[in-house]
Amino acid sequence: MSGEDVVLLWHFPSPQEGRDMRTFNIFLDLGTTMQAFLTIPGVAESVTTFERWNLTVHRWEIAGEIHWTNNFSGQVQFGVHILQLQEIRKRKKQSSKSRRFVANGAEYKWKIADAGNDLFCVDSRGRKVATWTQETLELRVVSSVEDILDRLVVTCLVNIWFRAHGYW
């Protein structure tokens with residue numbers, strides 16, 4: 001990945017706060033400063049609304065929602081597009097070790113890294129476009145796919161959530 005990557009630092013609530021990991025904040029690393037980039041509040045059997053900080057007009061904008069029907073099913077809304085939660089983590093085969101999703105007509109897939117705790121996402125040509133590092137709670141995205149950043153963040157969250165509960 002290049003030096004032009006988008007680096008998103010995630011902050012999950014502590015157990016003392018009484019909220020689960022689907023309620024968290026993300027910050028964009030701008031080198032010397034941190035810019036709030038995206039916040040995702042929500043709980044099971046409710047709605048997680050994800051918002052994007054518009055750097056041009058300096059305000060939060062709703063990017064979409066996850067309507068949780070329980071801990072492992074629901075619908076995801078990206079603007080006018082509504083998908084079932086299963087559609088953003090499809091398997092090609094039952095034994096598949098990757099989870100696929102489609103964005104802008106192209107297929108991407110999340111895979112478990114060799115270390116076992118980290119994830120990475122590749123495009124249809126096998127090029128790495130995003131890397132999740134569990135130890136630092138960091139999502140690094142190549143600048144060429146910034147147009148699908150919302151989908152990368154949401155699919156990463158959903159895959160982290162499922163892995164945290166023993167499902168892949």
My understanding is that only one of Thr155, Leu139, Ile160, Thr131 makes a side chain to side chain contact (heavy atoms under 4.5 Å, CB included) with Leu119; could you say which? Ile160
Using 0.5 Å steps for rounding, measure from the CD atom of Glu146 to the CD atom of Glu4. 9.5 Å
Identify the heavy atoms of Gln86 and Gly74 that sit nearest to each other, and give their distance. OE1-O, 4.4 Å
Kindly say whether Ala106 contributes a backbone atom to a donor-acceptor pair with the side chain of Asn104 at under 3.5 angstrom? no
What's the spacing between Leu137 CG and Leu9 CG if we round to 0.5 Å? 9.0 Å
Closest approach of Val153 and Trp10, non-hydrogen atoms and distance? O-CH2, 3.7 Å
Please report the interatomic distance CZ(Arg99) to CZ(Arg163), rounded to the nearest 0.5 Å. 10.0 Å
Could you label the plane-to-plane angle of the Phe12 and Trp132 rings as parallel, tilted or perpendicular, counting under 30° as parallel and over 60° as perpendicular? perpendicular
How far does NZ of Lys97 sit from CH2 of Trp168, to the nearest 0.5 angstrom? 11.0 Å
Can a side-chain donor-acceptor contact be found between Thr133 and Glu135 if the only test is distance below 3.5 angstrom? no
Heavy-atom closest pair, residues Tyr108 and Ala103: CE1-O, 3.8 Å
Taking the six-membered ring of Phe101 (Phe, Tyr or Trp), confirm whether the NZ or CZ of Arg151 is under 6.0 Å from its centre and within 45° of its axis. no
Quick one: does Glu61's side chain get under 4.5 Å of Glu51's, heavy atoms only? no
Look only at the side chain of Asp118 and the backbone of Gln134, and say whether a donor-acceptor pair between them is shorter than 3.5 Å. yes
Would Leu8 and Phe27 count as a side-chain contact (heavy atoms from CB on, under 4.5 Å) here? Give the steps. CA-CA 6 Å; Leu8 301 173; Phe27 299 92; over 6 Å; no
Nearest heavy-atom contact between Arg22 and Leu157 is CA-CD1, 4.5 Å
Is there a side-chain contact between Asp5 and Ser143, using heavy atoms and a 4.5 Å cut-off? no
Check against side-chain contact (heavy atoms from CB on, under 4.5 Å), Val129 and Val122: CA-CA 5 Å; Val129 298; Val122 296; 6.0 Å; no
When you look at Phe50 and Phe24, which way does the ring pair (Phe, Tyr, Trp, His ring centres under 6.0 Å) test go after all the steps? CA-CA 10 Å; Phe50 45 101; Phe24 68 101; 9.9 Å; no
Any side-chain heavy atom of Val76 sitting closer than 4.5 Å to one from Val154? yes
Any Lys/Arg nitrogen of Lys109 or Glu107 sitting under 4.0 Å from an Asp/Glu carboxylate oxygen of the other? no
Ile26 side, atom CD1; Cys156 side, atom SG - distance, nearest 0.5 Å: 8.0 Å
Separation between CD (Gln75) and CD (Glu87), nearest 0.5 Å, reads 9.0 Å
Determine whether more than 12 heavy atoms belonging to other residues, nucleotides or ligands lie under 6.0 Å from atom CG of Asp114. no
Cationic tip of Lys111 within the cone over Phe120's six-membered ring, i.e. under 6.0 Å and within 45° of the normal? no
Closer than 3.5 angstrom, by distance alone: can the side chain of Arg127 be matched with the main-chain N or O of Ser124 as a donor-acceptor pair? no
Identify whether NZ of Lys or CZ of Arg in Arg89 sits under 6.0 Å from the centre of the six-membered ring of Phe162 and within 45° of that ring's axis. yes
Between Ser73 and Thr69, the two heavy atoms sitting closest are OG-OG1, 2.7 Å
Say whether Ser98 and Trp110, considering side chains only, have a donor N or O and an acceptor N or O under 3.5 Å apart. no
Is there a path of hydrophobic side-chain contacts, each under 4.5 Å between heavy atoms of I/L/V/M/F/W/Y residues, joining Trp68 to Ile62? no
Would you indicate whether the side-chain heavy atoms of Arg140 and Val6 approach each other to under 4.5 Å? no
Quick one: ring pair (Phe, Tyr, Trp, His ring centres under 6.0 Å) partners of His165, sequence neighbours excluded? Phe72, Trp161
Examine distances only and state if a side-chain atom of Gln77 and a backbone atom of Gly79 form a donor-acceptor pair shorter than 3.5 Å. yes
Between Ile66 and Val47, is there a side-chain heavy-atom distance shorter than 4.5 Å? no
